[in-house]
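The chains referred to below are lettered A, B, ... by the order of the sequence lines, with proteins before strands, and numbering in each begins at 1.
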Amino acid sequence: MGGGAMTGSKAKLGNFFEDFAVGQVLQHATPRTIGPGDVALYMGLYGPRFAVQSSDAFAQAIGYPSAPVDDLLAFHTVFGKTVPDISLNAVANLGYAECRFLKPVYAGDTLIAASEVIGLRENANKTSGVVYVRTTGRNQHGERVLEYMRWVMVRKRDKASPAPTALVPDLAERVEPADLASAVPPLDLADYDFALAGSPYRWGDYAVGEKIDHVDAMTLEEAEHQIATRLYQNTAKVHFNLHEQAQGQFKRRLVYGGVVISLARALSFNGLANAFHVAAINGGRHVAPCFGGDTVYAWSEVLEKAELPGRSDIGALRTRLVAVKNRNCADFPLRNGKGDYEEGVILDLDCWLVLPR
Amino acid sequence: MGGGAMTGSKAKLGNFFEDFAVGQVLQHATPRTIGPGDVALYMGLYGPRFAVQSSDAFAQAIGYPSAPVDDLLAFHTVFGKTVPDISLNAVANLGYAECRFLKPVYAGDTLIAASEVIGLRENANKTSGVVYVRTTGRNQHGERVLEYMRWVMVRKRDKASPAPTALVPDLAERVEPADLASAVPPLDLADYDFALAGSPYRWGDYAVGEKIDHVDAMTLEEAEHQIATRLYQNTAKVHFNLHEQAQGQFKRRLVYGGVVISLARALSFNGLANAFHVAAINGGRHVAPCFGGDTVYAWSEVLEKAELPGRSDIGALRTRLVAVKNRNCADFPLRNGKGDYEEGVILDLDCWLVLPR
Amino acid sequence: MGGGAMTGSKAKLGNFFEDFAVGQVLQHATPRTIGPGDVALYMGLYGPRFAVQSSDAFAQAIGYPSAPVDDLLAFHTVFGKTVPDISLNAVANLGYAECRFLKPVYAGDTLIAASEVIGLRENANKTSGVVYVRTTGRNQHGERVLEYMRWVMVRKRDKASPAPTALVPDLAERVEPADLASAVPPLDLADYDFALAGSPYRWGDYAVGEKIDHVDAMTLEEAEHQIATRLYQNTAKVHFNLHEQAQGQFKRRLVYGGVVISLARALSFNGLANAFHVAAINGGRHVAPCFGGDTVYAWSEVLEKAELPGRSDIGALRTRLVAVKNRNCADFPLRNGKGDYEEGVILDLDCWLVLPR
């Protein structure tokens, strides 16, 4: 056995901390046309029941040209493209902020993604550093469909490399209500059928502090999260390579955090049936890993309510969406007396949802 | 941890026996556009090979505008919508009758479902009762695409609730042949290519009493039945929640009965390749549960043959479709000497199939 | 239990060696319209990232009417149709040759397949023989979209049947470069965006003898290969029937070899990102079986480079694509000192790939 000419030089091994510079823009491969097949697979993998995304007829009745694609399918598609360039050598995904959904995505749209490095800070141990990026997803017309900030801890190639000047960007605690409605056309609520949508509860029926146990749950299979994660062209090995993972800390493949988000969002239909649009993700923590065989439950808490400027048709709820594994959410598990996350909590997501008024 | 305002009040826990009244109409959520992605997933999950549903070119050659969606995909979609309202608190699914497929469903059609309560009868033990419904699926034009009667045993919320006046509807033993052809356009059989369809056998080639071992078999994985069942937006927990099921009678998730029907139907291609349309389900019993890891075989028996009024192009076969797990069907297993179903039988379905004459 | 009229006579048990004659043409069932759902499922099952197949916008920019379907999806679809007629009673799949992709396949196209028997040779033991076929896949316009030679060892029904005159066809060692470009329209490379495609390397950047470790790997689940194989309407029992396989040599289901090819091809993106088209398969060996739970890695070696007559836009690389299970490919495993395949090698595929110049 042995090497060949230019062995291995053309396969990418991902960027290391030294490869990033503030102001650098990374154009990510691969453009991806989202089609009706992706919509069906998304349905089969998570089981969402929000009427606007499920039915062309329903969406058209209220003012969409056709059913928009699930917001999170668009998010995962854009996110997946960034993995080979941003997080292949990540030690940890540290957070998201200011994720805004700017334009609806329809079947047939092609998404591309680019990221700008907006901050860098080497860790004290000199073996890794934090990279901050602003990632933008655009459609085939060049329109921005979504945008988010993300920070990741990335390994250094060489401990001896000099540290860049530290720059930590200011990130908003939450997206402003004025920025939440751009992906929702003016709606004709006279034709919004609440019986078909599955619930009579509108924006006005929810109160700050209200908690909702979403009751239902899903046990996640390895084949399911792998199919989902490949659908997004996300190449992070930890999700796919049992042979390698079996030697690692968890001895198993890790479920992509976006799968947990989508599962919890789909479960949240039971109690938030009219919250048809995720308008923003203000922040999120993947509190603990999720594995094949885990059963995911979810609950929500209303954190804030906002009217949307110039919009009498819709309003926004800021909610905390919590996913929990292998225990139900009747007692709304979150943190214990010491302030630590309780056993079983796997996701704590802060988002803005849009509902009819 | 701890409660919140109006805790849990907006999540649905399903109806109990007391919540039903004869004459009541339940409009089910969520409208669902069936697209080409659903067609492909249906193919990937079951592997049907009937040419009319598999090929636009084949369907168009004989008189369809395009390949219609598999009849059972339409059935499962309509059925799935009824689960949150009808059977979330079911003790048992007791039966179906008079299921008729009335209009073809094409990719792009949106299906909605409503059920009318047509009968009620409390059980002697006062802890549950039988609910009879007529469920109708309609497309985006308001046309009925399918209809069926179903009866389910549903728990009472409170043993002390008064019993309703008992009403048990008359249900036909089988759909009349005159009612079987409405979903089949007039066919041009000159262009029905029997070689492409996979078999030379027409309606006239089958005899009452004939039994067909479909030979092939499929081992069912948890991921497969979960993806299928979510695709139909069916929310019955027994199919998805291992954490809860592990405490129950079977210690495992139960496969949705509709998955077994679709699998047996797909297997039945080998021997019934030209039976391209399920025109009616006269009745069916899920004799025993099916679990992930089970291998499903199937066989059919021709029970009756019927000409269809005004149709010289097609005829109907009434067949018993039997699904059996973990044993082959070379000896056509059904009932033992005592009249009980034999070990391994999981489905006994009485249906009308349409074939070219 | 018990027999019935004409029991079992209508289900097909597949052809035996005696059923084949040189010159015989078998028209295979079932015509299959490839739609956007198949494209999405193919993505979810393997995770390919080649821009031309992934994006309508990218494909249109360089001269395609829309994104063509993955070449191997078309191949598996055509191949799957041949199984019930050619290889249901196969002892072994011995080889492929001269597989050429002749026309692009687009979503909406309907594929049919026919095979001509071009050779026969009974084995010395008189229990089986080798059948050589030329299989042609056509679209709904009757145009040939792909063609390949294949030989299979098929059981005899009866050892006493007379042997046919032996005829072994001449098969080319490789497809001629002049025959490689027919499925690629003239491309406008000014609009081929190498950043979006994921790599700067063009045809000219690769050297004969160069080896590429594709680095990434995928652990294959039973549900995944079953869904894939059903999508192709491939009915070979060894892939689906655990109940029967548990009694056999491997005690497990076997993964369809085409799944391994598609997985290795998808992995090969990392290092061959611009090799957007499989123009031919010169030959291939499924060296060892692959099972659910195996982790598949891949590497490639450039065997030959060819200019394509009349084409200044594209060139061809002949590569060996090797798939290996449960070990990585950093040392390019292939054969040991004795010339035997090394432990872990499961696929050795010789193909022509097309890249921009």
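The parts of A/L242 that come within reach of chain C are both its backbone and its side chain, each placing non-hydrogen atoms under 4.5 angstrom from that chain. Looking at A/Q140, only its side chain comes within 4.5 Å of chain C, counting heavy atoms on both sides. C/Y42 does not touch chain A: none of its heavy atoms, backbone or side chain, sits under 4.5 Å away. Neither the backbone nor the side chain of C/V39 comes within less than 4.5 Å of any heavy atom in chain A. Looking at C/F194, there are no atoms closer than 4.5 Å to chain A (heavy atoms on both sides), in backbone or side chain. With a threshold of 4.5 angstrom between heavy atoms, A/Q245 does not approach chain C through any atom at all. When heavy atoms are compared at a cutoff of 4.5 Å, C/A197 approaches chain A solely by way of its backbone atoms N, CA, C and O. Residue C/P200 does not touch chain A at all, counting heavy-atom pairs closer than 4.5 Å.
Side-chain contact, C/T33 with C/T110: a donor N or O sits under 3.5 Å from an acceptor N or O. The closest side-chain donor-acceptor pair between A/D85 and A/H28 falls under 3.5 angstrom. Between the side chains of A/R144 and A/N139, no donor-acceptor pair is found at a separation under 3.5 Å.
A salt bridge is absent between C/E222 and C/R252: the closest approach of a Lys/Arg side-chain nitrogen to an acidic carboxylate oxygen does not fall below 4.0 angstrom.
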Evaluate A/F79 against A/Y232 for ring-ring contact (aromatic ring centres under 6.0 Å, His included), listing each step before the verdict. CA-CA 8 Å; A/F79 183 93; A/Y232 316 136; 9.4 Å; no
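The closest donor-acceptor contact from the side chain of A/K10 to the backbone of C/D205 lies under 3.5 Å. The backbone N or O of A/N15 lies less than 3.5 Å from a partner atom in the side chain of A/N89, making a donor-acceptor pair.
Taking the six-membered ring for Trp and the full ring otherwise, the centers of C/H277 and C/F50 sit at least 6.0 Å from each other.
Among C/A59, C/G198, C/A266, the residue making the largest number of heavy-atom pairs under 4.5 Å with chain A is C/G198. Across C/F58, C/F269, C/Y297, the residue that shares the most heavy-atom pairs under 4.5 angstrom with chain A is C/Y297. Of the listed residues (C/S268, C/G44, C/A40, C/G47), the greatest number of heavy-atom pairs within a distance under 4.5 Å of chain A belongs to C/G44. Between chain A and the options C/G293, C/S300, C/A195, C/A223, the largest number of non-hydrogen pairs under 4.5 Å is found for C/A195.
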